[in-house]
Amino acid sequence: MGASGWGWPLDPAVVAEPFTAPAHRYGTGHRGVDLVATVGAEVHAPAAGVVAFAGVVVDRGVLTIDHGAGYVSTLEPVNTVLVPGDRVERGDVVGAITTGGHSAEGQLHVGLRLNGEYINPLVLLGDIPRAVLLPCC
């Protein structure tokens, strides 16, 4: 669990693809982290909140949870029986890994927005890689 009280949506949690911030709002980047998973594995709510969206987007199941205070998480590809308005607590099983989307098969994409802007989910989940300062010149 991260220092903020948020928890990983998978156990164990292994980052397969890190967050890469875009240079500008519409630039390329990876607006979330992909975690190593197994199709069928249980997915857990990273924090308490209310389901804002649960359904299929293009070719994959997507679950969006509004955690309040401007935080909204998105988990995909996920198969869920939850519907908008359902309340979840941190650690609740919210669905299972399926296939589809832009992540490799057997991965869970975790996106996090704060006031509509994508941020690195590791800020709340923990384990942000430490910066390494290299000698100059």
Side-chain angles (χ1 to χ4, degrees):
M1 175 173 45
S4 64
W6 284 56
W8 290 97
L10 294 175
D11 185 24
V14 176
V15 175
E17 182 73 28
F19 178 87
T20 305
H24 54 82
R25 177 176 223 150
Y26 303 105
T28 61
H30 188 240
R31 293 166 174 84
V33 295
D34 293 345
L35 303 178
V36 175
T38 303
V39 173
E42 291 182 340
V43 178
H44 301 268
V50 176
V51 173
F53 177 82
V56 175
V57 175
V58 182
D59 66 345
R60 73 231 184 234
V62 176
L63 177 65
T64 302
I65 304 170
D66 184 337
H67 303 283
Y71 289 99
V72 176
S73 65
T74 300
L75 307 165
E76 61 178 89
V78 174
N79 183 29
T80 185
V81 297
L82 298 175
V83 297
D86 284 350
R87 178 119 185 106
V88 297
E89 298 299 325
R90 182 176 49 88
D92 285 354
V93 174
V94 294
I97 301 290
T98 61
T99 59
H102 63 274
S103 299
E105 184 170 327
Q107 291 185 355
L108 173 68
H109 178 80
V110 181
L112 181 63
R113 288 175 285 153
L114 175 58
N115 298 322
E117 298 293 326
Y118 283 95
I119 64 171
N120 188 343
L122 298 182
V123 169
L124 295 177
L125 296 174
D127 295 331
I128 296 176
R130 292 182 54 92
V132 176
L133 301 177
L134 300 174
C136 177
C137 314

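Start at 1 with the first residue, then count along the sequence. Computed from a predicted structure; not experimentally measured.
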Under a 4.5 Å side-chain heavy-atom rule over Ile, Leu, Val, Met, Phe, Trp and Tyr, are [X] and [Y] clustered together?
X	Y	result
Leu114	Leu125	yes
Val56	Ile97	no
Leu75	Val51	yes
Leu112	Leu122	yes

Distance (rounded to the nearest 0.5 Å) between [X] [atom1] and [Y] [atom2]:
X	Y	atom1	atom2	value
Arg113	Asp66	CZ	CG	9.0 Å
His102	Asp59	NE2	CG	10.5 Å
Asn115	Tyr71	CG	OH	8.0 Å
Arg31	Phe19	CZ	CZ	8.0 Å
His44	Trp8	NE2	CH2	13.5 Å
Thr74	Leu63	OG1	CG	8.0 Å

Checking Ser73 against His67 for the side-chain contact (heavy atoms from CB on, under 4.5 Å) test, could you report, in this order, the C-alpha distance in whole Å, the side-chain angles of both residues, the deciding distance, and whether it holds? CA-CA 8 Å; Ser73 65; His67 303 283; 2.7 Å; yes

Can you check whether Val43 reaches Leu10 side chain to side chain, under 4.5 Å on heavy atoms? yes

Side-chain touch Pro9/Leu35, heavy atoms, less than 4.5 angstrom: yes

I need the minimum non-hydrogen distance between [X] and [Y], along with the two atoms involved.
X	Y	value
Leu82	Ala54	O-CB, 3.3 Å
Pro121	Val110	CG-O, 3.4 Å
Pro84	Phe53	CG-CA, 4.2 Å
Thr64	Val72	CG2-CG1, 3.3 Å
Val88	Ala45	CG2-CB, 3.9 Å
Gly100	Pro77	O-CG, 3.6 Å

Is it true that a side-chain atom of Arg90 and a backbone atom of Gly5 form a donor plus acceptor pair closer than 3.5 Å? yes

Assess the residue pair Val78 and Leu108 against the criterion (side-chain contact (heavy atoms from CB on, under 4.5 Å)); give the C-alpha distance rounded to whole Å, side-chain angles, the decisive distance to 0.1 Å, and a yes or no. CA-CA 8 Å; Val78 174; Leu108 173 68; 3.7 Å; yes

Could you walk me through whether Asp86 and Val50 pass the side-chain contact (heavy atoms from CB on, under 4.5 Å) check? CA-CA 6 Å; Asp86 284 350; Val50 176; over 6 Å; no

Derivation and outcome, side-chain contact (heavy atoms from CB on, under 4.5 Å), residues His30 and His109: CA-CA 10 Å; His30 188 240; His109 178 80; 3.6 Å; yes

